[in-house]
Student: 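Below is one structure. I have some questions about it.
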Amino acid sequence: MFFSKCKNENSLYNFCSKKNFLKKISLAIIFSLCNFSFAQNSTKLNSSVQKNRNENLMRTVSHNSADIELNLDLSKYPDDINFWSDIPNAELAYVIAHRMTDEELLSQMLMFGWAGAEPSDLLNSWVQDRGLGSVKVFGWNTDNTYLVAKSINELQKKAQTRRFKIPLFVATDQEGGWIRHVKGSTSITPGNLSIGAGGYPIDSYWSAFYISREIAALGINLNFAPTVDLFTDQKSTIIGTRSFGEDAEKAGVLGVAFASGSMAAGIIPTAKHFPGHGDTANDSHVYLPAIQADFETFQNRELVPFKYLIDADVPAIMSGHLSFPKIRPNGEPASLSEYFLQEILRGQLGYKGLIITDDMMMNGDTLYAGSLKNAFRMAIEAGNDIVISSTTAQLDEGLWTSNIYRMQTNEEFRAKVVKAVRRVIEIKLNYFKNTKPAPLYPDVKTLDELIPDKEGQKFFFDQACRSITVYKQGEFPYTPSDKKVLLAGSEPAFFSEMKKRYSNTVDFRMNYNIGPNESQYCIEQFPGRAWDSDVIIICVWDKWSYRVAESLKPLQEKGKKIVVFSIMSPVLSFDLDWADTVLFGYSYSPFSFEALAAVVSGQVPAGGKLPISVK
């Protein structure tokens with residue numbers, strides 16, 4: 001059977017950790033086993049996906065000649081050359097970049113988001129009048145997916161009115177799990193830590209495939225995923241369940257599988273956050289995190305997942321606003337550091353693809369740079385190819401005017417811009433001309449059929465079942481009976497799935513953003529609500545819901561059966577081992593609640609293994 005075959009992957013993980021030089025062979029074996037097994041067991045395997053498996057799509061997209069000085073004679077090429085001209089990609093990118101004005105060059109390096117439901121007149125002006133290279137779909141403008149598709153359609157049409165007709169990169173953060181910037185009816189999936197608990201690379205592949213197929217329908221072509229930061233600092237709330245776990249080798253294998261699934265669905269994957277955000281509890285949106293790793297630890301831990309993805313030719317890597325003071329005592333963030341991006345990433349690791357900054361509106365970079373315009377300049381000088389701002393800059397803003405002036409007065413700076421733009425254009429050419437890309441002009445009429453992905457709905461439940469982890473097992477499973485069950489949680493899917501399996505239930509509902517006051521109220525109310533219940537099943541997702549669960553300990557001592565569903569980071573629930581049963585679900589996804597309910601009621605076995613250590 002498929003899953004028994006894929007269990008062989010765990011031995012390969014150990015093999016990889018001991019023999020890094022055989023990494024590529026190990027990955028090839030993993031995907032051969034899993035792809036063969038899935039093909040034998042799937043009745044609806046898309047023929048285009050079967051074909052794509054036999055090609056290295058990531059290499060097709062990522063290969064570029066930006067580091068080579070081609071010295072082409074521009075006069076030999078037609079005056080009306082554009083993105084769609086029938087000229088080899090490397091030549092075409094070179095010619096277009098060298099014919100661009102300074103304004104066109106700098107615009108091609110920039111990626112802006114928009115705050116409203118539709119792109120503003122300002123963003124439209126950047127695209128149509130200046131030739132903006134990329135746009136970013138953030139979570140505050142995506143509840144109406146029809147409007148998202150319509151907006152992307154219109155922006156791409158505006159881009160095609162420019163003289164070089166270069167399509168936009170349209171990016172988002174659709175990692176799976178709780179980072180889901182495109183909302184509406186897109187799937188709320190179990191996420192990376194759930195995949196890590198299951199341990200199957202094929203689950204990572206198909207998770208990415210179905211996530212990507214949904215956003216491709218909207219015209220999005222670049223996804224800032226997979227997250228391959230390690231779950232090293234267990235106090236971290238910014239990474240947490242976004243990670244595949246603490247094991248660097250497994251994160252690398254699962255990251256490659258995720259990137260491959262994304263590319264097979266027509267979406268360019270982006271590994272992040274280089275060189276690793278996992279060993280800090282600080283959030284780079286607010287602070288510049290200082291990660292106290294020495295160089296040996298850095299090489300053997302943080303960089304390992306990125307080495308896997310670079311070996312697999314991942315087309316894009318996101319640079320993080322992260323400081324490593326034991327490696328660079330000046331405290332510079334990696335995103336603004338020529339050392340980290342040029343010496344380490346390009347030099348030592350041999351990476352050739354796109355380097356894209358994290359959002360430059362975050363404090364992690366501007367606190368170091370002193371101003372936004374300085375941060376943009378430093379990002380370009382460090383070697384980033386695309387620089388992101390979550391907001392749309394004013395046409396005369398300093399990040400624009402100061403860098404245009406610098407291009408006009410500093411030949412070295414301008415040469416870096418030209419090289420970055422060559423890379424951006426050539427990778428766009430590779431993607432749009434040599435693969436089956438996301439539609440340039442998405443069709444709103446098809447969205448109801450494509451989102452949510454129907455095959456994905458079946459898969460994500462199966463994947464969630466393979467991830468559910470038994471941390472503490474008491475009288476378990478709890479089969480349906482006349483016993484009264486009190487259900488305590490916040491998510492509608494928790495209550496609906498449990499009520500399908502238990503007929504005699506009482507609800508105790510809490511808000512997801514519970515806070516100290518509501519948690520205290522719940523603690524005071526619980527004894528009165530629970531006194532005539534036989535079993536109490538409570539969800540834990542943050543420190544406040546943990547407080548509520550901890551207050552139930554006296555009820556357990558009086559004979560009540562307490563069952564804990566840990567639905568985000570499992571770390572808080574480590575101390576709830578006094579409960580009768582503790583299950584880790586790693587997510588508030590409806591699929592995870594369905595799987596938790598199926599496991600606790602005895603319908604399916606728990607298949608997961610905790611992907612982090614108990615400390």
Side-chain angles (χ1 to χ4, degrees), residues 61 80-87 89 92-93 95-138 141-142 147-172 182 215-223 266-268 315-316 354 356 385-395 400 417-418 420-444:
V61 173
D80 61 350
I81 200 171
N82 67 57
F83 185 88
W84 305 105
S85 297
D86 187 14
I87 296 171
N89 293 351
L92 187 53
V95 174
I96 290 176
H98 281 84
R99 285 185 177 176
M100 280 179 155
T101 65
D102 289 347
E103 289 77 12
E104 287 172 321
L105 284 165
L106 186 58
S107 293
Q108 194 61 212
M109 286 192 71
L110 301 178
M111 176 183 287
F112 292 153
W114 70 92
E118 298 180 82
S120 63
D121 290 342
L122 180 60
L123 183 63
N124 282 312
S125 181
W126 271 102
V127 172
Q128 190 159 15
D129 300 334
R130 284 205 172 149
L132 185 70
S134 307
V135 296
K136 170 73 165 56
V137 178
F138 282 89
N141 50 16
T142 63
L147 195 53
V148 172
K150 176 176 176 289
S151 298
I152 291 170
N153 189 311
E154 292 173 352
L155 286 169
Q156 290 286 22
K157 287 179 178 177
K158 287 180 171 63
Q160 289 302 298
T161 66
R162 300 281 304 170
R163 65 169 175 151
F164 292 121
K165 302 184 185 303
I166 303 171
L168 295 163
F169 273 146
V170 182
T172 196
V182 180
I215 61 175
L218 301 171
I220 291 167
N221 48 48
L222 175 64
N223 191 17
I267 298 293
I268 297 173
L354 291 171
I356 305 174
D385 301 300
I386 295 176
V387 187
I388 302 177
S389 170
S390 54
T391 60
T392 305
Q394 296 298 313
L395 293 172
W400 171 260
V417 173
V418 171
V421 171
R422 281 182 60 192
R423 197 184 317 272
V424 170
I425 294 174
E426 189 170 350
I427 287 178
K428 283 185 177 182
L429 287 163
N430 294 342
Y431 171 72
F432 282 103
K433 290 187 172 184
N434 297 354
T435 73
K436 186 177 180 181
L440 199 61
Y441 308 118
D443 184 356
V444 174

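Fair warning: this is a prediction, and the values are worked out from it, not measured in the lab. Values reported hereafter were calculated over all heavy atoms of this structure, with side chains retained and with hydrogens, waters and symmetry mates removed.
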Student: So N89 and N434, do their side chains get closer than 4.5 Å, heavy atoms only?
Tutor: yes
Student: Can any side-chain N or O of K433 pair as donor or acceptor with the backbone N or O of F83 at less than 3.5 Å?
Tutor: yes
Student: Which heavy atom of V421 sits nearest to which heavy atom of A97, and what is that distance?
Tutor: CG1-CB, 4.3 Å
Student: Please name the pair of heavy atoms, one in L168 and one in S134, separated by the smallest distance, quoted to 0.1 Å.
Tutor: CD2-N, 4.0 Å
Student: Return yes if some donor-acceptor pair links the side-chain N/O of N430 with the main-chain N/O of V61 below 3.5 Å, else return no.
Tutor: yes
Student: How long is the gap from CG on L105 to CD1 on I96, to the nearest 0.5 Å?
Tutor: 11.0 Å
Student: Would you please indicate if the ring centroids of W114 and W126 are separated by under 6.0 Å?
Tutor: no
Student: Is the shortest side-chain heavy-atom distance between F169 and I386 below 4.5 Å?
Tutor: yes
Student: Are side-chain N/O atoms of Q128 and K157 paired as donor and acceptor at under 3.5 Å?
Tutor: no
Student: Give a yes or no answer on whether the side chain of S85 reaches the backbone of I87 with a donor-acceptor pair at less than 3.5 Å.
Tutor: no
Student: Kindly indicate, with the supporting measurements, whether the criterion salt bridge (charged side-chain N to carboxylate O under 4.0 Å, His left out) is fulfilled by E426 and R422.
Tutor: CA-CA 6 Å; E426 189 170 350; R422 281 182 60 192; 5.3 Å; no
Student: Measuring only between side-chain heavy atoms, which start at C-beta, is M100 closer than 4.5 Å to Q108?
Tutor: yes
Student: Please evaluate residues R163 and E104 with respect to the criterion salt bridge (charged side-chain N to carboxylate O under 4.0 Å, His left out), reporting the C-alpha separation (whole Å), side-chain torsions for both, the decisive distance (0.1 Å), and the verdict.
Tutor: CA-CA 10 Å; R163 65 169 175 151; E104 287 172 321; 2.7 Å; yes
Student: Working to the nearest 0.5 angstrom, can you tell me the gap between I215 CD1 and N223 CG?
Tutor: 4.0 Å
Student: Can you check whether L147 reaches E118 side chain to side chain, under 4.5 Å on heavy atoms?
Tutor: yes
Student: Nearest 0.5 Å please: distance from the CD1 atom of I152 over to the OH atom of Y441.
Tutor: 13.0 Å
Student: Between the side chain of K428 and the main-chain N/O of P167, is any donor-acceptor distance below 3.5 Å?
Tutor: yes
Student: Measure across Y431 and A438 and return the closest heavy-atom pair with its distance rounded to 0.1 Å.
Tutor: OH-N, 2.8 Å
Student: Are K136 and F138 in a cation-pi setup, meaning NZ or CZ lies under 6.0 angstrom from the ring centre and within 45 degrees of the ring axis?
Tutor: yes
Student: Run W84 and Q160 through side chain to side chain donor-acceptor pair (under 3.5 Å) and show every step you take.
Tutor: CA-CA 10 Å; W84 305 105; Q160 289 302 298; 2.9 Å; yes
Student: Just by distance, do the side chain of S107 and the backbone of G131 share a donor-acceptor pair under 3.5 Å?
Tutor: no
Student: Could you check if a side-chain atom of L222 sits within less than 4.5 angstrom of a side-chain atom of V170, using non-hydrogen atoms only?
Tutor: no
Student: Counting only N and O atoms by type, is there a donor-acceptor contact under 3.5 Å from the side chain of N153 to the main-chain atoms of A149?
Tutor: no
Student: Quick check: do P315 and I268 have side-chain heavy atoms less than 4.5 Å from each other?
Tutor: yes
Student: Using every non-hydrogen atom in the two residues, find where L92 and L429 come nearest and quote the distance to one decimal.
Tutor: CD2-CD2, 3.7 Å
Student: Taking C-beta and beyond as the side chain, do M111 and V387 meet within less than 4.5 Å on heavy atoms?
Tutor: no
Student: For A159 versus V127, what's the shortest heavy-atom pair and its separation?
Tutor: N-CG1, 3.7 Å
Student: I need the D443 CG to L218 CG distance, nearest 0.5 Å.
Tutor: 11.5 Å
Student: To the nearest 0.5 Å, how far apart are CG in L132 and CG in L110?
Tutor: 6.5 Å
Student: Taking atom CD1 of I427 and atom CG of L354, what is their separation to the nearest 0.5 Å?
Tutor: 3.5 Å
Student: Kindly indicate, with the supporting measurements, whether the criterion side chain to side chain contact (heavy atoms under 4.5 Å, CB included) is fulfilled by Q394 and W400.
Tutor: CA-CA 9 Å; Q394 296 298 313; W400 171 260; over 6 Å; no
Student: Is the side chain of R423 donor-acceptor paired with the backbone N or O of D385 at a distance under 3.5 Å, no angle test?
Tutor: no
Student: Measure across I356 and A316 and return the closest heavy-atom pair with its distance rounded to 0.1 Å.
Tutor: CD1-CB, 4.0 Å
Student: Any side-chain heavy atom of I388 within less than 4.5 Å of one from F112?
Tutor: no
